[in-house]
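All of these numbers come straight from a predicted model, not from anything done at the bench.
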Amino acid sequence: MTAPHTMSGVRPVIGVDAGTSSLREADHLVHHLADRLGLPAGTIACTHLIRTDDRRGTAVSLAPPDAGAAEAAWRRLAALDMPELGAALGDRTHGPLAAARTAALAAAEHTARRGGRAVLYPGAEHLTGTVTVAVLLALTAVDRLTVVGAPADGPGPDPATPVHTRGHVRPEWRDGRLALALVPAAGGTLAPFEVPEPTPCCADHS
């Protein structure tokens, strides 16, 4: 099922590798950077699994809503006291070369919208408690829903179906669209495929 709107336009994307190994650590890094860099509303921030000969872990990408916000974030990022942090924006890099290279991989994946698990995205603040499929699609940047086990070419979930968000909704870029995988839950309801940690990271941010 798809949303009545889609995101358009090319956003500048900053890739960051600070040595995080798990999704939980990467989620924490996203929230930390959002606070320290003053990222504006509308920013899309994702985590990316990195599997190279030199690095096994998780990097992040930050896509502010416009070029001016990206430049401001880049300047603040370069001023952070985080010597292990590598970053990339276009053909610019910052920090250790190896980390900057993996940061560039994350930025490229996000820019192409072929991968990346979104932690921050427009409308995410509305996804608490239980919402309907229709509300989820109308109020957030998520523009495609799939139900695990359902036919890929089917009509998708009914707009009135309740979705138990559990305060943890992580859509992913797939083929240019921000897609959320759901699983059937009790009473004919749905829930996100990804289950939150027992103690969610940055619970005050979610």
Open item on the list: Is the shortest side-chain heavy-atom distance between Glu109 and Ile50 below 4.5 Å?
Closed with: no
TODO: To the nearest 0.5 Å, tell me how far His168 NE2 sits from Glu194 CD.
DONE: 3.5 Å
Task: Heavy-atom pair of closest approach, residues Pro192 and Val183 - done: O-CG2, 4.1 Å
Task: Side-chain touch Pro65/Arg11, heavy atoms, less than 4.5 angstrom - done: yes
- [ ] Indicate the atoms forming the closest heavy-atom contact of Pro40 with Ala69, along with that distance.
- [x] CG-CB, 3.9 Å
Open item on the list: On a heavy-atom basis, which atom in Leu190 and which in Pro157 lie closest, and how many Å separate them?
Closed with: CD1-CB, 3.7 Å
Open item on the list: To the closest 0.5 Å, what do you measure between OG1 (Thr47) and CG (Leu29)?
Closed with: 10.5 Å
Open item on the list: Count I, L, V, M, F, W, Y as connected when their side-chain heavy atoms are under 4.5 Å apart, and connections chain through other members. Are Leu139 and Leu180 then in the same cluster?
Closed with: yes
Open item on the list: Tell me whether Leu105 shares a hydrophobic cluster with Val13, the cluster being built from Ile, Leu, Val, Met, Phe, Trp, Tyr side chains joined at under 4.5 Å.
Closed with: no
Task: Salt bridge Arg36-Asp81, side-chain N to carboxylate O under 4.0 Å - done: no
TODO: Supply the atom-to-atom distance His32 NE2 to Leu37 CG, rounded to the nearest 0.5 angstrom.
DONE: 8.0 Å
Open item on the list: How close do Ala103 and Gly86 get, counting heavy atoms only, and between which atoms?
Closed with: CB-O, 3.6 Å
- [ ] Could you grab the distance from atom CZ of Arg174 to atom CZ of Arg114, nearest 0.5 Å is fine?
- [x] 15.5 Å
Task: Heavy-atom side-chain proximity of Pro184 to Val147 below 4.5 angstrom - done: yes
- [ ] To the nearest 0.5 angstrom, please state how far the CG atom of Leu137 sits from the CG atom of Leu145.
- [x] 4.5 Å
TODO: Under the side chain to side chain contact (heavy atoms under 4.5 Å, CB included) rule, what do Arg170 and Asp27 come out as? Steps first, then yes or no, please.
DONE: CA-CA 10 Å; Arg170 301 290 191 262; Asp27 282 12; 3.2 Å; yes
Task: Whether Thr20 side chain and Thr58 backbone form a donor-acceptor pair below 3.5 Å - done: yes
Open item on the list: Hydrophobic clustering (ILVMFWY, side-chain heavy atoms < 4.5 Å, transitive) - are Trp173 and Leu49 grouped together?
Closed with: no
- [ ] Begin with the C-alpha distance, continue with both residues' side-chain angles, and end with the deciding distance and a verdict on side chain to side chain contact (heavy atoms under 4.5 Å, CB included) for Thr130 and Thr189.
- [x] CA-CA 10 Å; Thr130 301; Thr189 64; over 6 Å; no
- [ ] Apply side chain to side chain contact (heavy atoms under 4.5 Å, CB included) to Leu136 and Thr165, showing your working.
- [x] CA-CA 10 Å; Leu136 191 157; Thr165 70; 5.6 Å; no
Open item on the list: Closer than 3.5 angstrom, by distance alone: can the side chain of Arg177 be matched with the main-chain N or O of Glu172 as a donor-acceptor pair?
Closed with: no
Task: Spacing of Ile14 atom CD1 and Leu39 atom CG [to the nearest 0.5 Å] - done: 7.5 Å
Task: Nearest heavy-atom neighbours spanning Ala106 and Ala59 - done: CB-CB, 4.0 Å
Task: Pairwise side-chain contact, Leu127 with Val163, heavy-atom cut-off 4.5 Å (strictly under) - done: no
Task: Worked check of salt bridge (Lys or Arg N to Asp or Glu O under 4.0 Å) between Arg144 and Asp175 - done: CA-CA 11 Å; Arg144 184 167 184 256; Asp175 301 320; over 6 Å; no
- [ ] Dump the intermediate steps for side chain to side chain contact (heavy atoms under 4.5 Å, CB included) on Thr146 and Phe193, then the final yes or no.
- [x] CA-CA 10 Å; Thr146 60; Phe193 176 78; over 6 Å; no
TODO: Among residues two or more places apart or on two chains, list those pairs meeting side chain to side chain donor-acceptor pair (under 3.5 Å) that have a residue in residues 90-103.
DONE: Asp17-Thr102, Glu71-Arg92
Open item on the list: Any heavy-atom pair between the side chains of Arg166 and Val195 that's under 4.5 Å?
Closed with: yes
- [ ] Looking only at non-hydrogen atoms, find the nearest pair between Ala67 and Pro12 and report the distance.
- [x] CA-CG, 3.6 Å
- [ ] Check Thr140, Val119, Val142 against Pro171 for a side chain to side chain contact (heavy atoms under 4.5 Å, CB included) and give me the one that passes.
- [x] Val142
Open item on the list: Could you tell me if the side chain of His126 sits less than 4.5 Å from the side chain of Val131, heavy atoms only?
Closed with: no
Open item on the list: If hydrophobic clusters are built from ILVMFWY residues whose side chains come within less than 4.5 Å, do Leu120 and Leu23 share one?
Closed with: no
